A.B. asks: 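Just dropping this structure here.
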Amino acid sequence: MVDLTELMENDVFMAFTSYTTIILSKMMFMSTATAFYRLTRKVFANPEDCAGFGKGENAKKYLRTDDRVERVRRAHLNDLENIVPFLGIGLLYSLSGPDLSTAILHFRLFVGARIYHTIAYLTPLPQPNRALAFFVGYGVTFSMAYRLLKSRLYL
Amino acid sequence: MVDLTELMENDVFMAFTSYTTIILSKMMFMSTATAFYRLTRKVFANPEDCAGFGKGENAKKYLRTDDRVERVRRAHLNDLENIVPFLGIGLLYSLSGPDLSTAILHFRLFVGARIYHTIAYLTPLPQPNRALAFFVGYGVTFSMAYRLLKSRLYL
Amino acid sequence: MVDLTELMENDVFMAFTSYTTIILSKMMFMSTATAFYRLTRKVFANPEDCAGFGKGENAKKYLRTDDRVERVRRAHLNDLENIVPFLGIGLLYSLSGPDLSTAILHFRLFVGARIYHTIAYLTPLPQPNRALAFFVGYGVTFSMAYRLLKSRLYL
């Protein structure tokens, strides 16, 4: 068996690992938030989910949508749409040998912006709080993509 | 050109490769399932998709939603929400030098739980079948995230 | 600090990096397209987003859905559903030591197909333009998955 510890001794890669694990865990928390609101507000998407609350027509009334649940779901989808590019581009960027302090600045800004985005979406805070958080995360990912395409384009 | 076979001779990484390829292929199958139900039930989201079934007003009646199609789409989105964290955290976990048997146990549980989740969602099986499958996959991903953050935090 | 330049000197991995960065940047552009249509058509999902257009009941009328916005959102979700498997399977495939010209053919076909898919979805072009673009991207990903599972299955 080959020793892989080499990759994990690289500082940039270790930092990427920590920040990515944190932001993906935060994204997974959105599933729990959706489940929490669905159960406390009795708002379900599937008949089998509310079978315990009554039979037949009685249960069907829980098959509805709710502002709060839809808000959490939009925040979750927005996370997916933004964290997937960060995951791919950030991984490749980490392996391209960037400067350590520049890389950590990118990761910190992204993770901070996405956590603030969730807070701004769920509170909800007035705009442009959420829009700014979105654009900071977006800009960080584009900055990493730009560096990758500028220095290592191979088509 | 550098030889990369080193990485692919690592047992944990090879196991991660196989399980990830299987679960991503399963997720891609959901697109086919959606297309199958859309075509057999004639339920479409875009006017151009049902142009072959009639012209003008005749075609518009196929622009509707259907319980079965929406169920497959929810299962697909739930896959995305859970497989993306597994992909990122699992890759980093595989590179962090875990014990082989522990790692394989994680991968097997996750892949088994997600396949069972799809079966429970599409059949549909009564709850708590789907909820349990969801939480097993969720727990596996958190267990890998916990190990990464505990042993290699670098902020 | 360990030198990682080795990985980035591998031709297949460099090509994967460039094509992945391009297609993830294209996917991120869909967020901007959604924002553009939401602002120009005044169609919003959150009350705080249209607070600037009026107060109370006046603002509520902008909380609606719109064909154009929904079309962009479907294209974006379809991107996510297809680019995530490409990201995972393509990364593992790139590390499995494939032939350079075969690998580049896979990446080019996928990126070309997904860009054409977006054009076909947003124009919209008549079917089967979009369906063909979808199946080319789908086939490329399955071809890489097949190679991974055939040569390196480890369960």
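The figures here come from the full heavy-atom set of this structure, side chains too, leaving out hydrogens, waters and symmetry mates. Remember, it's a predicted structure, so these values are computed and weren't measured experimentally. Each chain gets a letter, A, B and so on, in the order its sequence line appears, and its residues count up from 1.
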A.B. asks: Measure the CG-CG distance between B/Leu92 and A/Leu87 for me, rounded to the nearest 0.5 Å.
C.D. replies: 7.5 Å
A.B. asks: When rounded to the nearest 0.5 angstrom, what is the spacing between CG in A/Asn46 and CZ in B/Arg71?
C.D. replies: 4.5 Å
A.B. asks: Could you check whether any side-chain heavy atom of B/Leu80 comes within less than 4.5 Å of a side-chain heavy atom of A/Val84, counting everything from C-beta outward?
C.D. replies: no
A.B. asks: How long is the gap from CG on B/Leu95 to CZ on A/Phe13, to the nearest 0.5 Å?
C.D. replies: 5.0 Å
A.B. asks: Could you check whether atom CG of A/Asp66 has more than 12 heavy atoms from other residues, nucleotides or ligands sitting under 6.0 Å from it?
C.D. replies: yes
A.B. asks: Is B/Leu148 in contact with chain A via its backbone, its side chain, both, or neither, using a 4.5 Å heavy-atom distance?
C.D. replies: side chain
A.B. asks: Check each atom of A/Ala45 against the heavy atoms of chain B and say whether the ones under 4.5 Å are side chain, backbone, both or neither.
C.D. replies: both
A.B. asks: Pick one of side chain, backbone, both or neither for B/Tyr138, based on which atoms fall under 4.5 Å of a heavy atom in chain A.
C.D. replies: both
A.B. asks: Report, in residue-number order, which members of residues 16-34 of chain B are under 4.5 Å from chain A by heavy-atom distance.
C.D. replies: none
A.B. asks: Please check if atom CZ in A/Phe36 has more than 12 non-hydrogen atoms from other residues, nucleotides or ligands closer than 6.0 Å.
C.D. replies: no
A.B. asks: Side chain, backbone, both or neither: which part of A/Leu77 has a heavy atom under 4.5 Å from chain B?
C.D. replies: side chain
A.B. asks: How long is the span from the OG1 atom in B/Thr123 to the CD atom in A/Glu48, to the nearest 0.5 Å?
C.D. replies: 9.5 Å
